Amino acid sequence: KAGVTQTPRYLIKTRGQQVTLSCSPISGHRSVSWYQQTPGQGLQFLFEYFSETQRNKGNFPGRFSGRQFSNSRSEMNVSTLELGDSALYLCASSSRQGGTDTQYFGPGTRLTVL
Amino acid sequence: DAKTTQPPSMDCAEGRAANLPCNHSTISGNEYVYWYRQIHSQGPQYIIHGLKNNETNEMASLIITEDRKSSTLILPHATLRDTAVYYCIVEQAGSARQLTFGSGTQLTVLP
């Protein structure tokens with residue numbers, strides 16, 4: 001099976017712009033979670049989608065949003081970019097095994113805000 | 001906040017077993033122990049998870065103490081490619097899709 005794919009891999013934006021990142025989960029996986037990784041805050045959970053519905057949300061401002069399509073592909077959007085949004089954005093799809101879910105991460109999108 | 005405590009760094013000689021400890025003294029009865037690792041600038045990689053019993057797969061073994069307050073991840077024959085940050089995470093099964101990552105352990109495998 002192909003792994004989780006994320007596009008684009010690298011992105012440079014300027015403050016005030018908005019950005020959309022894409023994630024394609026492993027075939028058959030219906031849950032997609034998004035994380036932000038920065039040197040200062042580490043890996044932090046953004047939100048999770050399952051069957052086109054947001055099920056959980058982390059502690060991030062409303063500028064961060066997402067959606068999921070019927071084929072389980074997901075996008076996340078960040079509006080009015082700030083310098084502090086520079087980060088590695090990771091998505092993960094999940095499968096159920098051993099009584100719980102295990103997450104499979106994509107390679108990430110490296111966002112730089114200038 | 002992360003519910004686990006890990007040493008910030010460890011070294012291991014290539015070919016030797018790497019034993020990575022994790023303390024989770026406040027773990028609840030319905031919480032699993034998960035291990036992920038992240039090689040520099042790549043996405044985290046799932047390694048193994050367990051609830052009460054020791055677990056083994058093709059990558060590693062997970063040893064959980066009887067009181068479940070600590071665990072050890074064992075890489076039986078470490079290679080240079082195992083150099084990574086290793087995260088020990090404790091979560092309920094229903095929260096396994098919204099993991100709380102701590103600082104992890106930077107494992108460096110030395111030639």
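What's counted below: heavy atoms across the whole structure, side chains too, no hydrogens, waters or symmetry copies. Numbers restart at 1 for each chain; the letters A, B, ... are given by sequence-line order, proteins then strands. This structure is a prediction, so every number in the text was calculated from the model and none was measured.
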Residue [X] excluded, over 12 heavy atoms near [atom1] under 6.0 Å:
X       : atom1 : value
B:Arg16 : CZ    : no
A:Arg55 : CZ    : yes
A:Asn59 : CG    : no

Do [X] and [Y] share a hydrophobic cluster (ILVMFWY, side-chain heavy atoms under 4.5 Å, transitive)?
X        : Y        : result
A:Tyr89  : A:Ile26  : no
B:Val109 : B:Val85  : no
B:Ile47  : A:Phe105 : no
A:Leu88  : A:Leu46  : no

Side chain, backbone, both or neither: which part of [X] has an atom under 4.5 Å from a heavy atom of chain B?
X       : result
A:Leu90 : side chain
A:Gln6  : neither
A:Phe50 : neither
A:Ser94 : side chain

Q.
So, taking the atom named CG in B:Leu99 and the one named OG1 in A:Thr102, what distance separates them when rounded to the nearest 0.5 Å?
A.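 Atom-to-atom, B:Leu99:CG and A:Thr102:OG1 are 10.0 Å apart.
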Q) Which distance, rounded to the nearest 0.5 Å, do you find between the CG of A:Asp101 and the OH of B:Tyr34? A)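 Atom-to-atom, A:Asp101:CG and B:Tyr34:OH are 7.0 Å apart.
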Q. By a 4.5 Å heavy-atom criterion (distance strictly below it), what part of B:Gln38 contacts chain A: side chain, backbone, both, or neither?
A.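 The side chain, not the backbone.
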Q) Which atom pair, heavy atoms only, marks the closest approach of A:Leu43 to B:Pro44? A)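 Smallest heavy-atom distance, with atoms named: CD1-CG, 3.9 Å.
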**Q.** Shortest non-hydrogen contact between A:Ser31 and B:Arg97, atoms and distance
**A.**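 The pair with the smallest heavy-atom distance is OG-CD, 3.1 Å.
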Q: Among the options B:Gln92, B:Gln42, B:Gln98, pick out the one with the most heavy-atom pairs lying under 4.5 Å from chain A.
A: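 Among B:Gln92, B:Gln42, B:Gln98, the one with the most close pairs to chain A is B:Gln98.
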**Q.** Flag, side chain of B:Tyr36 to backbone of A:Gln103, donor-acceptor distance under 3.5 Å
**A.**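 A pair under 3.5 Å: yes.
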Q: Only counting residues at least two apart or in another chain, list the ones meeting salt bridge (charged side-chain N to carboxylate O under 4.0 Å, His left out) with A:Arg9.
A: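 Salt bridge (charged side-chain N to carboxylate O under 4.0 Å, His left out) check on A:Arg9 returns nothing, list empty.
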